[in-house]
Amino acid sequence: MITVKGDKAPLFILDTAHTTYAMKVLDSGHIEHLYYGRKIHMDSEDGLTEQHEFAPGTSVVYSPDHGNFSLEDMRLEMSSYGKGDVREAFIEVVNSDGSFTSDFLFDSYSESKGRDGGTEGLPSSYGEDAEVLTVTLIDKENNLKLELIYCVYPDTDVITRTARLINEGEGDIKIKKLMSCQIDFDPDNYVFTTFTGAWAREMKKTDMSVSSARLVNSSFTGNTSNRANPFVMLSKRGANEEYGDVYGFNLVYSGNHYESVEKSPFGKVRFLSGINPTSFEWKLSKGESFLTPEAVMTYSSMGYNGMSGQMHDFVSKHILRGPWKDRLRPVLLNSWEASYFKISESKLLRLARKAKEAGIELFVMDDGWFGERNDDTTSLGDWFPDTKKLPRGVKGICDKVRALGLDFGIWVEPEMVNRESGLYLAHPEWAMEIPGKKHSEGRNQMVLDLANVEVQDHLIKVMSKVFSSADISYVKWDMNRNFSDIFSRSLPADRQGEVTHRYILGLYRVMRELTKKFPDILFEGCASGGNRFDLGILSFFPQIWASDDTDAVCRAEIQNGYSYGYPMRTVTAHVSDCPNHQTLRRTPIETRFNVASFGVLGYECNLNDMSSNDFEAVKAQIRMYKKWREVMQFGRFYRSKSMNDSRSVDGDALGAPGYSVLDQVPGNDISWTVVSPDKTKAVSMTMQLFTHPNTQWGVLKPAGLECDYKYHIEGRKMKFDVRDFGGLINYVAPIHVKQDGLSHRTIARFYKMNSEAEAHDMYGDAMMYAGVHLRSAFASGGYNENMRYYPDFGSRIYTIEKIG
Ligand code: GLA
């Protein structure tokens with residue numbers, strides 16, 4: 001709800017179900033930020049507004065009429081450079097006279113209802129219930145108008161912000177920097193959490209104390225990047241998964257982004273986010289306007305899980321769109337790790353037949369099907385089938401896959417071109433490179449200049465042709481390099497600073513047109529895995545390939561990272577072969593599934609080469625997943641208490657003395673729970689990295705259940721290979737069995753070990769707060785079928801159903 005009090009110098013109060021955001025126009029015309037956090041009662045600014053009698057020493061006083069304060073020591077709704085606020089600014093422009101001081105003062109405001117999902121080329125959140133407040137400020141001396149646009153989503157406790165700058169003067173100006181969001185917090189001890197990484201190790205959570213040195217999370221790779229995801233958190237020191245003040249921030253944007261936080265000399269904490277000003281500059285001529293991407297903010301007093309739940313809800317309801325938004329996602333098999341570039345119709349069909357037998361629903365032909373693409377040096381841009389591999393083209397293989405009873409999907413990388421391609425020969429001017437200068441490449445490819453409308457038109461045309469060339473129901477849209485040598489031949493020299501943003505606007509136009517034209521295709525975003533995992537892409541594509549790393553251990557951490565800001569229905573995850581192709585690590589087939597099933601499940605392995613044991617396991621996994629996927633894809637996700645966690649968050653051993661160094665490994669245990677909206681069903685997962693010796697104890701504490709519901713909890717049945725016990729088999733075998741010898745292999749073929757039967761009937765609160773005390777784990781000294789075999793990389797899934 002938006003409440004406005006007063007006319008000339010209004011007080012604005014923005015309420016969601018559990019949060020309040022408030023600001024007030026000062027006598028000087030600046031806007032003071034009063035508060036953002038837990039919902040409070042307020043009908044005036046009394047007691048909330050800052051009180052100043054004299055400006056601090058060596059500070060600049062804004063004007064003699066307002067001699068009692070300096071802008072440097074005020075919490076501001078937006079800040080500009082040159083009138084005394086020496087902190088990092090929200091806006092920096094070069095005025096038509098060359099000066100770079102701005103002074104934006106309140107002019108007016110307006111309110112409206114509803115938001116439709118995008119304007120001026122940018123996608124945005126949407127919803128009929130959205131309440132919109134536009135506060136207009138004017139820099140009179142420079143003839144500039146600045147609109148601060150707030151959008152309130154009461155149901156998900158989210159408020160969004162955007163800014164629009166309008167040049168009302170005669171001369172051109174340059175925007176050097178225009179942020180989307182600024183929050184000035186009262187002094188407190190904050191922790192800034194970022195999710196950084198690189199290829200195959202995305203979303204590493206890092207906590208940093210906020211102090212006087214500026215902390216910056218940003219990308220200037222051309223995409224949002226795996227180096228630094230735009231989702232960040234600010235929390236008050238001491239917050240944990242269940243309790244404490246946590247703010248989550250994100251941007252509805254897919255290009256270079258910037259988030260910074262710093263403590264001023266007066267202790268106030270400023271958070272800024274928006275387009276990265278590095279390598280950005282925008283010329284704004286008379287009458288033109290510039291709109292920033294939408295910034296998303298949420299706050300919870302219920303710790304990280306509380307904040308994540310709100311973000312998940314918001315993304316699911318107000319960012320994802322189209323027919324696939326709430327549709328159950330199919331279980332797919334992707335050909336990449338099974339075949340890489342070495343594909344052919346017969347090879348793919350063999351894989352598809354096996355996929356059908358396993359219960360897979362969608363077969364995806366990845367890279368290698370077009371031009372003369374036998375490796376990554378050639379053919380991007382030539383989007384016609386290689387008839388040596390696919391004699392009857394895409395339609396030929398698609399029809400055959402469909403005849404098996406599977407849906408068919410395809411891989412494309414439309415934004416790129418190889419120098420060795422027909423497209424580059426025909427249109428070298430469409431590739432981004434600086435004329436007459438040497439060019440640097442990534443993965444042997446160049447970025448197409450999507451700032452150029454001709455290139456956008458071409459992509460819409462050529463992709464429409466591919467997507468309608470057969471009965472295609474899924475598209476994986478890849479993007480495999482970072483930008484370099486940024487230049488658009490379609491723009492004059494004084495507009496080259498606009499290229500990266502114009503590229504993203506061009507990309508959005510192409511995605512918008514194609515998703516409109518092919519509404520029933522399930523699109524999956526990808527950029528070498530998670531190099532462009534953001535809310536801009538999710539405004540068009542409902543799911544994104546989270547990482548090229550399919551190792552279950554790495555994936556557990558990567559998916560855990562994504563879960564802070566993104567609902568798991570947007571995070572795709574595949575079971576792959578072992579040794580894993582990225583790490584060469586061997587993890588149990590069941591652990592690979594248990595982890596992947598908490599994202600949108602797929603397989604990316606050679607099912608034909610799989611052992612019969614593993615193949616049987618896969619069949620059982622898919623059966624289970626189909627039964628539970630509605631809960632797993634659309635339920636509320638929680639990072640729950642680790643199963644065997646003997647450490648405090650700081651890594652001190654809390655358990656028995658004499659614990660080994662392995663106990664100090666952070667994140668040794670991971671546990672997730674996902675709960676259906678009506679709380680009648682849930683699924684919990686536990687996984688560990690390394691076994692604690694001589695530790696039989698294990699307690700599961702699922703989260704999010706209804707306290708007074710009675711539930712039945714049951715461990716998913718799994719089979720294990722007796723060879724996992726090595727020579728210990730001789731404890732029970734009547735004859736000596738040579739480890740890994742013929743008799744050992746024969747026993748393994750005919751005899752499978754069942755996982756322990758674990759089943760209890762308990763109330764929700766008992767499970768969550770007292771915990772489900774599990775079967776004792778193998779800890780040497782004996783083994784029987786009631787024991788929990790839980791080795792390194794071991795894991796379990798427990799299903800939970802209401803029974804009363
Ligand atoms: C990228 C993707 C992979 C695969 C390859 C194909 O690396 O992330 O999943 O599609 O491209 O070249």
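Not measured: the values here are computed from a predicted model. First listed ligand is number 1; within each ligand, the first listed atom is number 1.
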- Task: Examine Tyr566 together with Phe637 and report whether their ring centres are nearer than 6.0 Å.
- Result: no
- Task: Decide if the gap between the ring center of Phe341 and the ring center of Trp336 is smaller than 6.0 angstrom.
- Result: yes
- Task: Taking the side chain as every heavy atom from C-beta outward, state whether Arg639 and Ser563 have any pair of such atoms under 4.5 Å apart.
- Result: yes
- Task: Pick out which of Tyr562, Phe249, Tyr564, Phe533 makes a ring pair (Phe, Tyr, Trp, His ring centres under 6.0 Å) with Phe195.
- Result: Tyr564
- Which word best sums up how the rings of His501 and Phe280 line up, parallel for under 30°, tilted for 30 to 60°, or perpendicular for over 60°? perpendicular
- Output the set of protein residues with a heavy-atom contact under 4.0 Å to ligand 1, ordered first by chain identifier and then by residue number. Trp336, Asp366, Asp367, Trp411, Arg443, Lys476, Asp478, Asn480, Cys526, Ser528, Gly529, Trp545, Asp548
- Pairing of Glu372 and Lys389 as salt bridge, 4.0 angstrom limit: no
